[in-house]
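Quick notes on the structure that follows.
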Amino acid sequence: MNRLLLIGNGFDLAHRLKTRYDDFILWYLEKSFERCLKHGEYKDELLWIQKTQHATMLLYSIANPIAEFVDKLIHTNGFTSLMHTETMEFDSNPFIVKYRSEFLDGLMTKSLSSTWVEIENEYYEKLKVNLFAESETKAQELKALNDAFSFIREQLEDYLKTIQPVMLQPAFYDILASPININELLKTDLDQNKPPKEAMVLNFNYTDTIEQYLQNKAIAKNISVNYIHGKLGDPDNPIIFGFGDELDADYAKMELEKNNGYFEHIKSFGYFKTSNYYNLIRFLDADEYQVFILGHSCGLSDRTMLNMIFEHENCKSIKIYYYQENKQKNNYTELTQEISRHFRDKAMMRRKIVSIDKSSPMPQIK
């Protein structure tokens with residue numbers, strides 16, 4: 001029996017990497033305001049910012065003006081003050097700010113609670129609004145949406161390159177080296193716990209955090225890493241950032257449209273750029289396997305792929321490493337609810353998901 005490890009952003013967060021959406025948006029805003037402060041004006045695909053005379057006063061009034069200004073903007077006034085007025089009345093109005101993208105409007109409003117999956121969901125919801133619109137400028141609006149999403153993807157790649165190296169958590173070595181436990185399988189021919197014959201890390205992150213553990217050759221012996229959504233800084237494995245739910249009813253309606261712009265950021269077409277998806281299918285078809293979930297939210301933006309993995313006849317078990325927030329609260333139930341959305345056969349789902357008493361919290365670097 002083999003093992004498939006699904007690694008998502010929660011894995012990087014467990015290593016204290018600043019890969020949350022609000023970490024990224026804080027970096028983007030700080031960079032934008034700093035450039036405006038330096039040059040008097042800043043403009044990109046999403047924002048236009050112009051400084052006023054109060055901006056110069058701001059520069060001399062506090063030690064780290066832009067960082068503190070943006071932090072206060074986020075946590076005191078919120079992003080709505082930035083987006084929903086033509087000029088921003090904030091701290092004596094040091095900047096005039098106008099948004100140039102309706103897509104950014106929705107993201108800013110949801111900023112403090114958004115995850116990357118939700119950004120992709122937001123994009124898909126905007127795509128569907130455009131699909132059913134009767135506007136004469138429908139094609140132009142679709143292009144503007146795609147351009148904004150492309151710009152965010154480029155900015156994300158730039159941001160991730162700034163993140164510092166990780167500290168390692170020894171407990172992850174134990175997970176990677178752990179045998180297949182027959183008590184986590186409802187039906188198996190195994191008569192005792194055994195190491196998996198092969199293991200594949202399906203890395204949904206663009207970072208190489210997992211590879212730091214695979215420097216240990218004893219651990220890495222039978223483990224391969226599949227950067228299914230691309231790898232940071234690798235031109236041969238470009239980043240895939242978009243939506244991947246071809247099971248959605250409205251997706252079929254997009255296929256009837258003559259405008260291929262609806263598919264510009266659909267993940268399936270990005271998968272054709274490498275052999276990653278093909279290698280995943282070969283792994284799934286080769287032998288029975290158990291799934292480990294480490295920090296993946298199992299959101300709808302990867303629904304087509306996750307449905308294939310979970311409902312595959314060779315998938316015999318799904319073990320969740322959940323986030324334990326405190327003694328009373330964890331996200332195990334939330335993850336089972338997300339996983340259920342990828343199953344058409346709910347009886348099969350209940351047979352495959354390992355119960356919480358046989359599951360474990362995911363290790364965290366304190």
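We number each residue from 1, following the sequence as shown. Everything numeric here is computed off the predicted structure, so don't read it as measured data.
Under a 3.5 Å cut-off, the side chain of Tyr227 and the backbone N or O of Pro238 do not form any donor-acceptor pair. Listed for the Asn205 side chain is a donor-acceptor partner under 3.5 Å among the backbone atoms of Gly8. Checking side-chain atoms of Lys194 against main-chain N and O of Asp191 turns up no donor-acceptor pair under 3.5 Å. No donor-acceptor distance shorter than 3.5 angstrom exists from the side chain of Glu257 to the backbone of Leu131, with no hydrogens or angles considered. Between the side chain of Asn326 and the backbone N or O of Lys329 there is at least one donor-acceptor pair closer than 3.5 Å. The closest donor-acceptor contact from the side chain of Asn226 to the backbone of Asn276 lies under 3.5 Å. Of the possible donor and acceptor atoms, one in the side chain of Asn203 sits under 3.5 Å from a partner among the backbone N and O of Thr207. In this structure a side-chain-to-backbone donor-acceptor pair under 3.5 Å is present from Asn9 to Thr19. A donor-acceptor contact shorter than 3.5 Å is absent between the side chain of Lys316 and the backbone of Tyr289. Of the possible donor and acceptor atoms, none in the side chain of Thr137 sits under 3.5 Å from a partner among the backbone N and O of Gln140.
The ring of Tyr213 has its center closer than 6.0 angstrom to the ring center of His15. You'll find the ring centres of Tyr278 and Tyr271 outside the 6.0 Å limit. In this structure, Phe241 has its ring center under 6.0 Å from that of Phe149.
The environment of CG in Asp189 is sparse: at most 12 heavy-atom neighbours from other residues, nucleotides or ligands sit within 6.0 Å. With a 6.0 Å radius and a threshold of 12 heavy atoms from other residues, nucleotides or ligands, Phe272 has its CZ atom at or below the threshold.
In this structure, CD1 in Ile228 is found 7.0 Å from CD1 in Ile240, a value given to the nearest 0.5 Å. Note that the CG atom of Asp245 and the CE atom of Met305 stand 12.0 Å from one another [nearest 0.5 Å]. Atom CG of Asp236 and atom OG of Ser275 lie 11.0 Å apart (nearest 0.5 Å). In this structure, NZ in Lys319 is found 10.0 Å from OG in Ser355, a value given to the nearest 0.5 Å. Rounding to the nearest 0.5 Å gives a distance of 14.5 Å between CZ of Arg344 and CE of Met349.
No path of Ile, Leu, Val, Met, Phe, Trp and Tyr side chains, each step under 4.5 Å between heavy atoms, connects Leu6 with Val225, placing them in separate hydrophobic clusters. Both Phe283 and Ile281 are part of a single hydrophobic cluster, where members link through side-chain heavy atoms under 4.5 Å apart. In terms of hydrophobic clustering, with Ile, Leu, Val, Met, Phe, Trp and Tyr side chains grouped at heavy-atom distances under 4.5 Å, Phe269 and Tyr262 are assigned to a common cluster. Cluster annotation: Ile210 and Val291 are assigned to distinct hydrophobic clusters (Ile/Leu/Val/Met/Phe/Trp/Tyr, side-chain heavy-atom contacts under 4.5 Å, transitive). Under the 4.5 Å side-chain contact rule for hydrophobic residues, Ile219 and Ile180 do not share a cluster.
The nearest pair of heavy atoms linking Asp208 to Lys231 is CB-CE, 4.3 Å. Here the shortest heavy-atom pairing between Ser340 and Lys346 reads O-NZ, 2.5 Å. Residues Ile309 and Cys315 come closest through the heavy atom pair O-CB, 3.4 Å. For the pair Lys18 and Tyr159, the tightest heavy-atom approach, listed with the atom from each and the gap, is O-OH, 2.5 Å. Closest approach of Gln364 to Leu13, counting heavy atoms only: OE1-O, 4.4 Å. Counting all heavy atoms, side chain and backbone alike, His342 lies closest to Gly299 at CE1-O, 3.3 Å.
A cation-pi arrangement is found for Arg3 relative to Phe292, the charged atom lying closer than 6.0 Å to the ring centre and inside a 45° cone about the ring normal.
A salt bridge links Glu125 to Lys128: one of the charged nitrogens lies within less than 4.0 Å of a carboxylate oxygen. Glu184 and Lys358 are not joined by a salt bridge, as no carboxylate oxygen comes within less than 4.0 angstrom of a charged side-chain nitrogen. The pair Glu102-Lys126 does not count as a salt bridge, with every side-chain nitrogen at least 4.0 angstrom from each carboxylate oxygen.
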Problem set entry | Working for ring-ring contact (aromatic ring centres under 6.0 Å, His included), residues Phe172 and Phe11 | CA-CA 10 Å; Phe172 281 112; Phe11 184 78; 4.9 Å; yes
For this session: Apply the test side chain to side chain donor-acceptor pair (under 3.5 Å) to residues Asp44 and Tyr42: give CA-CA distance (whole Å), side-chain angles for both, the deciding distance (0.1 Å), then the verdict.
Result: CA-CA 7 Å; Asp44 63 25; Tyr42 174 78; 2.7 Å; yes
Problem set entry | side chain to side chain contact (heavy atoms under 4.5 Å, CB included) assessment of Asp23 paired with Arg20 | CA-CA 5 Å; Asp23 295 319; Arg20 296 184 189 277; 3.3 Å; yes
For this session: Start with the C-alpha gap between Tyr28 and Ile152, add the side-chain angles, then the distance that decides, and say whether side chain to side chain contact (heavy atoms under 4.5 Å, CB included) holds.
Result: CA-CA 10 Å; Tyr28 165 69; Ile152 288 174; over 6 Å; no
Problem set entry | Test salt bridge (Lys or Arg N to Asp or Glu O under 4.0 Å) applied to Glu141 and Lys138, step by step | CA-CA 5 Å; Glu141 291 167 1; Lys138 185 175 177 177; over 6 Å; no
For this session: Test side chain to side chain contact (heavy atoms under 4.5 Å, CB included) on Leu17 and Gln164 and set out the steps.
Result: CA-CA 8 Å; Leu17 293 183; Gln164 298 299 312; 6.0 Å; no
Problem set entry | side chain to side chain donor-acceptor pair (under 3.5 Å) assessment of Ser301 paired with Asn121 | CA-CA 6 Å; Ser301 70; Asn121 288 346; 4.9 Å; no
For this session: Determine, step by step, whether Tyr322 and Thr333 satisfy the side chain to side chain contact (heavy atoms under 4.5 Å, CB included) criterion, reporting the C-alpha distance in whole Å, the side-chain angles of both residues, the deciding distance to 0.1 Å, and the verdict.
Result: CA-CA 9 Å; Tyr322 51 87; Thr333 299; over 6 Å; no
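Side-chain atoms of Trp48 and Glu41 form a donor-acceptor pair, as typed in the model, at a separation below 3.5 Å. For the residue pair Gln155 and Lys31, a side-chain donor N or O sits within less than 3.5 Å of a side-chain acceptor on the partner.
Looking at Leu232 and Ile239, their side chains come closer than 4.5 Å, going by heavy atoms from C-beta outward. Inter-residue side-chain proximity for Ile223 and Met200 is flagged as unmet; no heavy-atom pair is nearer than 4.5 Å. Between Tyr323 and Leu335 the shortest side-chain heavy-atom distance does not fall below 4.5 Å. Using a 4.5 Å cut-off on side-chain heavy atoms (C-beta onward), Trp27 and Leu160 make no contact. At least one side-chain heavy atom of Leu46 sits under 4.5 Å from a side-chain heavy atom of Phe151. Considering only heavy atoms from C-beta on, Met308 comes within 4.5 Å of Leu284 through its side chain. Phe343 places a side-chain heavy atom less than 4.5 Å from the side chain of Glu311. Side chains of Ile163 and Asp12 form no contact here, defined as non-hydrogen atoms less than 4.5 Å apart.
Among the candidates Tyr124, Tyr123, Phe103, the single residue satisfying the ring pair (Phe, Tyr, Trp, His ring centres under 6.0 Å) test with His265 is Tyr123.
Classification of the Tyr21-Phe24 ring pair by plane angle, with boundaries at 30° and 60°, yields tilted.
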